[in-house]
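Heads up, the thing below is written out as structure tokens.
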Number of protein chains: 2
Amino acid sequence: MGLSTSAISKALNDDSRISEKTKKEVRQVAKKLNYQPNHLASALRSGKSRLVGVIIPRNNSNFFSSVLENIEEVLNAKGYNIIITQSNESFEKECKCIESLLFTQVDGIIASMANETTDLSYYEKIKAKEIPLVLFDRGELDLKVDYVGIDDYETSFKIIDHLVAQGCSRIAHLGGYDNTRVYGNRIRGYVDALEKRGLPVDETIISKSTLRLEDGRRIMEKLLKLPNRPDAIYAASDFAALGALQVLNEHGIKVPEDMALVGFSNEPFTSYLSPSISTVNQNSEQIGKLAAEAFLNRIENPIEEGAINKIIIETELLVRASSSKNSTE
Amino acid sequence: MGLSTSAISKALNDDSRISEKTKKEVRQVAKKLNYQPNHLASALRSGKSRLVGVIIPRNNSNFFSSVLENIEEVLNAKGYNIIITQSNESFEKECKCIESLLFTQVDGIIASMANETTDLSYYEKIKAKEIPLVLFDRGELDLKVDYVGIDDYETSFKIIDHLVAQGCSRIAHLGGYDNTRVYGNRIRGYVDALEKRGLPVDETIISKSTLRLEDGRRIMEKLLKLPNRPDAIYAASDFAALGALQVLNEHGIKVPEDMALVGFSNEPFTSYLSPSISTVNQNSEQIGKLAAEAFLNRIENPIEEGAINKIIIETELLVRASSSKNSTE
DNA sequence: TATCTTTGCTATAACGATGTAGCAAATGTA
DNA sequence: TACATTTGCTACATCGTTATAGCAAAGATA
């Protein structure tokens with residue numbers, strides 16, 4: 001029918017300056033020809049790729065899977081696709097992820113930092129590009145960007161208070177390395193909570209590790225060799241808690257009677273074990289949704305210095321068998 | 001210094017028709033200016049986005065996480081980024097994923113089909129675009145595309161033979177819906193293996209479900225009410241096996257002595273439980289890697305009709321406590 | 001010196017969509 | 001009828017990169 005390409009473009013985009021009749025015709029022909037607009041071309045033209053990069057340390061925990069699922073859901077609904085990259089907890093790989101995402105011209109990045117990362121220059125690169133950057137879980141105050149996470153410090157208080165209520169007074173901590181903010185906060189919360197509740201802080205029952213299953217096992221074995229064993233374990237990860245529980249079971253130590261146990265993150269397996277492990281629900285769905293929404297919000301309201309959003313989500317202590325001494329509870 | 005853009009492009013791409021001296025200068029200036037080529041433009045120009053779409057049913061199992069991780073690793077190394085979408089086992093959502101990936105101009109798609117999917121027209125759309133399509137785990141012979149997976153039929157034989165060797169003779173099957181090819185094959189393998197070993201096939205102890213934890217529980221409760229209980233359970237998913245184990249534990253039925261149990265997929269939690277659950281290692285790392293390599297291969301050697309690759313990966317039966325009656329084994 | 005080849009660059013068009021300007025025809029207003 | 005406005009389209013430039021053609025200068029060959 002001999003229409004110009006721009007007329008067709010306008011017709012398909014429902015521009016007011018094209019007659020209804022022409023629009024209908026164009027739409028019909030487009031459907032007949034199975035026309036699909038080339039996203040790359042419009043992305044190049046508009047400068048908007050409608051792609052969002054996501055960087056996670058590793059996709060092997062329920063926490064990150066769940067966050068991802070929710071980020072995807074929220075952003076898909078708004079016409080964005082997400083590109084997922086994994087840093088494998090490595091600073092070097094994380095830098096590559098950032099390079100690669102920026103190269104792909106993503107419209108923004110949602111990230112949880114690798115444990116190793118202390119040099120923030122790559123994250124500054126993202127800021128320099130003036131595309132939204134949202135951090136979740138593993139954040140960094142110095143970056144001054146939007147953040148979604150939980151209050152790890154306060155959650156430690158919840159855990160200590162619960163264990164104290166169960167009659168525990170010598171509570172060990174299986175902690176992460178405290179250069180990762182979340183683990184540092186859990187440790188600080190643990191220490192402060194003990195002090196506030198009038199309990200002694202004993203460095204010999206505080207450990208720092210990568211918090212994997214094997215770490216939990218190794219550290220638990222050590223704790224059992226102490227002359228004065230703890231009567232409770234607060235592990236900063238469910239995997240470490242699992243390792244500890246295995247060792248306790250193997251040694252015939254009753255949980256929670258002889259030793260109470262609390263983990264962190266609400267990995268599904270914690271509820272499958274016997275005894276089931278008490279843990280902390282971080283509301284990962286909420287974290288994912290809110291991180292995605294924080295991004296969308298920034299797209300609409302580009303950064304004004306100082307107007308950083310820091311969203312703290314309430315955690316929930318899930319008291320299960322491993323820390324329930326009173327069956328009435 | 002007044003070079004043309006094309007000269008600069010050539011210099012950065014190491015074209016032979018640019019002098020070394022100029023190349024060096026250009027590279028220096030590029031570094032100084034922090035120049036980053038616009039991927040969208042070169043993608044538009046070349047028709048290659050260097051993006052690969054991945055569709056998985058759901059990111060909540062170790063199997064898919066592990067496949068994803070390996071796809072990403074292989075493709076990243078070749079300069080591709082992956083866009084991950086989840087169908088949530090819904091046909092409708094899967095169609096949206098495909099639409100969205102094609103719209104984004106991915107260079108290929110690697111997918112595992114949703115349970116619901118029987119209408120293949122959307123997958124035909126991918127083929128029509130003449131971009132590589134690789135299926136893994138959940139495939140469809142009719143599509144005539146590259147496929148990477150395991151031999152579910154033969155794996156059922158391995159499981160039945162193992163259980164028979166343990167002295168079991170009445171083996172129940174917790175199966176998936178057989179419109180999903182993998183579950184259908186597991187059921188057929190189960191039935192044929194029983195017949196080949198001279199055991200009766202009893203429909204009352206064969207169930208079909210979505211194989212979630214609750215399904216395992218529900219079906220196990222039913223099985224326990226039968227006048228002649230089975231002496232072994234072959235569950236087509238670890239989650240169903242877990243549900244069954246919980247019910248068995250609750251009823252004080254000894255596993256494996258009174259009832260042996262085998263799951264499928266090697267979810268990490270199977271090794272955490274007591275008794276640990278025997279299961280099947282599908283070599284998900286291999287599946288991921290080979291699926292990615294099948295894609296790369298297709299990029300280099302575009303489809304010639306009839307030259308379809310079907311890669312079948314060996315499975316490994318992990319015999320654990322839940323099916324080890326002889327402690328000598 | 002005249003001609004051919006090679007080297008190293010510039011100029012141009014194109015990938016496909018779309019915002020802006022422009023222009024003719026239709027319609028409205030005086 | 002003369003002029004202004006609106007309608008509905010076309011023409012064109014542009015996003016950033018790169019393949020192709022072309023062209024001048026340098027070098028090689030006779």
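All values below come from the heavy atoms of this structure, side chains included, with hydrogens, waters and symmetry mates left out. Every chain is numbered from 1 and lettered A, B, ... according to where its sequence line falls, protein lines coming before strand lines.
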Check the angle between the aromatic planes of F63(A) and F136(A) and answer parallel, tilted or perpendicular using the 30° and 60° thresholds.
tilted
Is the number of heavy atoms from other residues, nucleotides or ligands within 6.0 Å of NZ (K96(A)) greater than 12?
no
Grab the CD-C1' distance between Q36(B) and dT17(D) for me, whole Å please.
14 Å
Name the residue closer to the 5' end of DNA chain C, choosing between S4(B) and L44(B) according to the nucleotide with the nearest heavy atom.
S4(B)
Integer-rounded Å distance: dA21(D) C1' and D15(B) CG
14 Å
Any N13(A) side-chain nitrogen or oxygen under 4.0 Å from OP1 or OP2 of dT18(C)
yes
Go through dG8(C), dC9(D), dA21(D) for me and flag the one nearest to the R17(A) side chain.
dC9(D)
Kindly indicate whether the side chain of R45(B) and the base of dT17(D) share any N or O donor-acceptor pair separated by less than 3.5 Å?
no
Out of dC9(C), dT10(C), dT18(C), whichever nucleotide has its closest atom nearest the side chain of S42(A)
dT18(C)
I18(B) CD1 to dA11(C) P, in whole Å, measures 13 Å
S19(B) side chain near dC9(C) phosphate (N/O to OP1/OP2, under 4.0 Å)
yes
Is K78(B) close enough and on-axis enough to Y80(B), meaning under 6.0 Å and within 45°, for cation-pi?
no
Take atom CD1 of I8(A) and atom C1' of dC9(D), then tell me their distance rounded to the nearest Å.
12 Å
Is it the case that dT10(C) (base atoms only) and K10(B) (side chain only) share a donor and an acceptor within less than 3.5 Å, ignoring hydrogens and angles?
yes
Checking dT17(D), dT10(D), dC9(C) against the side chain of P37(B) (C-beta onward), the nearest is dT17(D)
Nearest whole angstrom, please: distance from the C1' of dG16(C) to the CD of Q105(B).
9 Å
Hey, is the side chain of S9(B) pairing donor to acceptor with the base of dA19(D) inside 3.5 Å?
no
Look at the side-chain N and O atoms of T22(A) and state whether any lies under 4.0 Å from the OP1 or OP2 oxygen of dC9(D).
yes
Ignoring hydrogens and angles, are the base of dA17(C) and the side chain of S46(A) linked by a donor-acceptor pair under 3.5 Å?
no
Rounded to the Å, how far apart are K48(B) NZ and dG16(D) C1'?
19 Å
What closest approach, in Å, do L133(B) and V145(B) show between heavy atoms, and which atom pair accounts for it?
O-CB, 3.6 Å
Which class fits the ring pair F91(B) and Y122(B): parallel under 30°, tilted 30 to 60°, perpendicular over 60°?
perpendicular
Is any side-chain nitrogen or oxygen of Y35(A) closer than 4.0 Å to OP1 or OP2 of dG16(C)?
no
